[in-house]
Amino acid sequence: MERRKFIKNCCYTAIGLPVLATVLESCGSIYYASTIRKESQIVLAKSEFIKGDSQSSRSFVLIKDKASEFPICIYKSDSNHYVASLLECTHQSCELNVGGGVYSCPCHGSEFTMTGKLLEGPAETDLKTFKIDTDNENIYINLY
Ligand code: FES
């Protein structure tokens with residue numbers, strides 16, 4: 001390998017490793033929670049927001065239900081308030097990504113807050129959200 005090409009490859013590796021580590025770290029924060037389906041409700045244990053080390057908690061979890069091709073993100077906005085948003089872009093139905101405190105669309109760039117409010121188009125409407133009830137142990141996501 002030529003010296004110049006070797007140095008160039010070393011530079012790409014040196015730059016690429018921290019970027020890759022950041023990407024992998026952010027991927028690690030995506031957590032699909034276990035749920036129970038009861039008729040028109042999805043039951044999610046509040047304990048799903050606690051990380052395995054019990055020292056820290058998640059600000060959101062994703063759930064997948066057979067009734068929808070899109071995941072639902074349950075965002076914990078404060079100690080006992082949750083928002084469930086369907087991760088289907090309201091522009092042309094692409095599945096949204098979660099990261100950096102927003103939902104972003106990989107298709108045309110729309111962005112939404114973690115509570116489902118439109119931040120930036122081309123989408124024109126907020127995300128579909130679901131009514132939520134809670135008790136001491138569980139979160140109940142009402143699908144209908
Ligand atoms: S489908 Fe999401 S911005 Fe177009």
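We count ligands from 1, going down the list as the structure has it; atoms in each ligand are counted the same way.
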Legend entry - Residue and atom name of the nearest protein heavy atom (relative to atom 3 (S) of ligand 1), distance in Å to one decimal: Ser110 OG, 3.2 Å
Inset, instruction - Take the angle between the ring planes of His108 and His91 and call it parallel below 30°, perpendicular above 60°, tilted in between. - result: perpendicular
Legend entry - Thiol sulfurs of Cys105 and Cys94 closer than 2.5 Å: no
Inset, instruction - Could you check Pro106, Cys107, Pro71 and say which one makes a side-chain contact (heavy atoms from CB on, under 4.5 Å) with Glu95? - result: Pro71
Inset, instruction - Measuring from atom 4 (Fe) of ligand 1, name the closest N, O or S atom belonging to His91. - result: ND1
Legend entry - Polar contact flag, side-chain donor to acceptor under 3.5 angstrom, Glu111-Ser104: no
Inset, instruction - Using a cut-off of strictly less than 2.8 Å, determine whether His108 has an N/O/S atom near atom 2 (Fe) of ligand 1. - result: no
Inset, instruction - For atom 1 (S) of ligand 1, grab the closest protein heavy atom and report residue, atom and distance to one decimal in Å. - result: Gln92 N, 3.3 Å
Inset, instruction - Could you state whether Tyr31 and Ile42 fall into the same hydrophobic cluster, counting links through intermediate Ile, Leu, Val, Met, Phe, Trp or Tyr residues with side-chain heavy atoms under 4.5 angstrom apart? - result: yes
Inset, instruction - Give a yes/no answer: is there an N/O/S atom of Cys105 under 2.8 Å from atom 2 (Fe) of ligand 1? - result: yes
Legend entry - N/O/S atom of Cys107 inside 2.8 Å of atom 4 (Fe) of ligand 1, strictly under: no
